[in-house]
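The next block holds one structure in the form of structure tokens; read it before the comments.
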Amino acid sequence: MGENTGEKYGVFTLERQDLVDLSARIAACIPKDFLKHRNKPVIIAVDGSVGCGKKIVADYGRAALLKINHEDIVYPPKPPELIFAPPLTFFQKLKNAFKFFVKEKEPEAAVTCCSVESNGQDLDCRGHGEYDEYVSAEIDGDKIDISFINMAWGYGYSFGSDDDARARYRKHMDKRQGGGILYAHNMNIDDVRPDIEIKLECGSGSTCLNGHDRSCHDVDHAIAMVAGEDDARAYSKWGRFVSVQFNNATLDHDGIMSKMLKAEFGFRALKDIPAKLLEFSELREEGEAAINIADFPVAKKHAAHLREAHARHAAGASEKYNEIKIGSPAPCLDKVYV
């Protein structure tokens with residue numbers, strides 16, 4: 001992607017609803033004047049770990065901006081690309097294998113079109129669900145198109161297949177019908193700079209995501225450093241580190257959006273988050289309270305509960321420290337437990 005210019009903010013979230021609320025607020029904060037230009041939509045790039053809930057950002061951002069219910073947008077399942085009806089001929093088996101291993105280029109597919117009504121708003125839906133989606137509505141006399149594309153697939157789109165990311169992006173843009181927002185997953189186009197970049201990280205593993213450095217190398221461990229292993233396990237399903245960066249300075253005019261992130265959700269500038277939360281490289285003693293709760297940026301709705309968990313964890317770490325110190329003082333005297 002293009003050069004990053006804005007400050008990056010980060011926060012730990014613990015529930016799926018945290019991502020829903022954040023996605024809705026970011027979309028709702030976009031000034032209406034930015035939604036009027038067909039050829040220049042607001043581009044929100046979403047990246048992250050496998051299965052981390054990236055689609056939540058597009059689904060609930062779209063719902064908030066159009067003031068609709070997300071559940072009312074239902075795309076029929078895409079026709080299967082493989083042939084399963086037995087018995088298969090040798091030719092059908094060969095064709096299945098070719099499609100699976102080579103990703104055969106598809107002809108331009110028929111676009112799924114439907115009209116739905118949600119919360120009193122008439123909507124036109126086009127595209128293929130989960131691949132490329134376009135939801136249009138008229139708001140205050142302007143045609144608004146909220147579109148989504150997963151750039152990583154390379155096939156399955158309503159405009160057919162294409163192995164070139166730039167071509168996929170161009171074809172998606174050509175099918176947009178109004179101003180609005182383009183949500184792009186896994187967007188790796190060097191000279192296209194998104195207006196907003198959102199990254200969701202969960203679990204651990206590689207230090208890279210789609211060729212870019214992870215912000216937090218192990219989310220579960222970072223939460224455990226504050227709350228302890230038992231409480232951290234309770235958040236293992238939806239614990240995330242979320243980072244947001246605004247590359248378009250005019251979009252965040254007077255810091256309205258960044259102030260919202262900090263005031264409403266507890267985000268903190270990435271440079272102000274302790275490195276040991278994000279880039280730990282060593283195993284720590286079991287029970288060690290390795291970070292001060294005041295330095296842990298967590299979604300505000302969870303702050304009180306996490307403080308309680310931290311107090312229990314810190315007390316347990318202190319007891320463990322005293323036991324270790326009595327048994328073998330020398331190796332442990334330089335350890336600091338907070």
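Just so it is clear, the structure is predicted and the values come from calculations on it, not from any experiment.
- Annotation: cation-pi geometry satisfied between Lys55 and Phe148 (NZ/CZ under 6.0 angstrom from ring centroid, within 45° of ring axis).
- For Asp218 (side chain) and Asp220 (main-chain N/O), a donor-acceptor pair under 3.5 Å exists by modelled atom type.
- Scanning both residues, Leu123 and Ser118, for their nearest heavy atoms gives CD1-CB, 4.0 Å.
- With contacts defined as side-chain heavy-atom distances shorter than 4.5 Å, the pair Ile44/Val46 qualifies.
- Closest approach of Ala224 and Glu229 over heavy atoms only: CB-OE2, 3.8 Å.
- The aromatic rings of Tyr235 and His305 stand perpendicular to each other, their planes meeting at an angle above 60°, with 30° marking the opposite boundary.
- Both Ile146 and Val116 sit in one connected hydrophobic cluster of ILVMFWY residues. Membership requires side-chain heavy atoms under 4.5 Å apart, directly or through other members.
- Lys8 has its side chain out of reach of Phe246: every pair of non-hydrogen atoms, C-beta onward, lies at least 4.5 Å apart.
- Between Glu264 and the choices Arg25, Lys300, Lys259, Lys301, the side chain to side chain donor-acceptor pair (under 3.5 Å) rule is met once, by Arg25.
- Using a 4.5 Å heavy-atom threshold, the side chains of Gln245 and Asp252 count as separate.
- For Lys36, there are no side chain to side chain donor-acceptor pair (under 3.5 Å) partners two or more places apart in sequence or in a different chain.
- Counted within 6.0 Å of CG on Asp272, heavy atoms from surrounding residues, nucleotides or ligands total more than 12; the atom is thus considered enclosed.
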Test side-chain contact (heavy atoms from CB on, under 4.5 Å) applied to Met187 and Tyr169, step by step: CA-CA 9 Å; Met187 185 179 184; Tyr169 174 77; 3.6 Å; yes

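- Using a 4.5 Å heavy-atom cutoff, the side chains of Glu197 and Asn247 are in contact.
- Taking the side chain as every heavy atom from C-beta outward, Ser243 and Ile198 never approach each other to under 4.5 Å.
- Under the 3.5 Å distance criterion, the side-chain polar atoms of His217 are left unmatched by any main-chain donor or acceptor of Glu279.
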From CA spacing to verdict: side chain to side chain donor-acceptor pair (under 3.5 Å), Ser147, Asp145: CA-CA 6 Å; Ser147 66; Asp145 208 357; 5.9 Å; no

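- Under a 3.5 Å cut-off, the side chain of Asn119 and the backbone N or O of Lys67 do form a donor-acceptor pair.
- For the residue pair Ser158 and His128, the shortest heavy atom distance occurs at N-ND1, 3.5 Å.
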Full working for side chain to side chain donor-acceptor pair (under 3.5 Å) between Asp18 and Thr13: CA-CA 6 Å; Asp18 300 335; Thr13 61; 4.7 Å; no

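- For the side chain to side chain donor-acceptor pair (under 3.5 Å) test with Ser136, the passing option among Arg176, Lys143, Arg126 is Arg126; the others fail.
- At least one side-chain heavy atom of Ile196 sits under 4.5 Å from a side-chain heavy atom of Ile26.
- Heavy atoms only, all atoms of each residue included: Met151 and Ala165 are closest at CE-O, 3.2 Å.
- Shown here for Cys52 and Trp238, the closest heavy-atom pair between the two residues is O-CZ3, 4.0 Å.
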Side chain to side chain donor-acceptor pair (under 3.5 Å) assessment of Asp124 paired with Ser115: CA-CA 5 Å; Asp124 292 323; Ser115 296; 3.2 Å; yes

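- Although no hydrogens or angles enter the test, the distance criterion places no donor-acceptor pair under 3.5 Å between the side chain of Asp142 and the main chain of Ile144.
- Between Glu133 and Arg62 a salt bridge is recorded (basic side-chain N to carboxylate O distance below 4.0 Å).
- Between the Asp164 side chain and the Ala167 main chain, a donor and an acceptor come within less than 3.5 Å of each other.
- When all heavy atoms of Ser215 and Leu278 are compared, the closest pair comes out as O-CB, 3.2 Å.
- Using modelled atom types, one side-chain atom of Asn150 and one backbone atom of Ala152 make a donor-acceptor pair closer than 3.5 Å.
- Contact of the Met173 side chain with the Leu182 side chain is registered, since non-hydrogen atoms from C-beta on lie closer than 4.5 Å.
- Ring planes of Phe159 and Tyr157: parallel class, angle under 30° (limits at 30 and 60°).
- When the ring pair (Phe, Tyr, Trp, His ring centres under 6.0 Å) test is applied to Tyr60, the partners found at least two apart in sequence or on another chain are His70.
- The side-chain heavy atoms of Phe241 and Ile273, taken from C-beta on, include a pair separated by under 4.5 Å.
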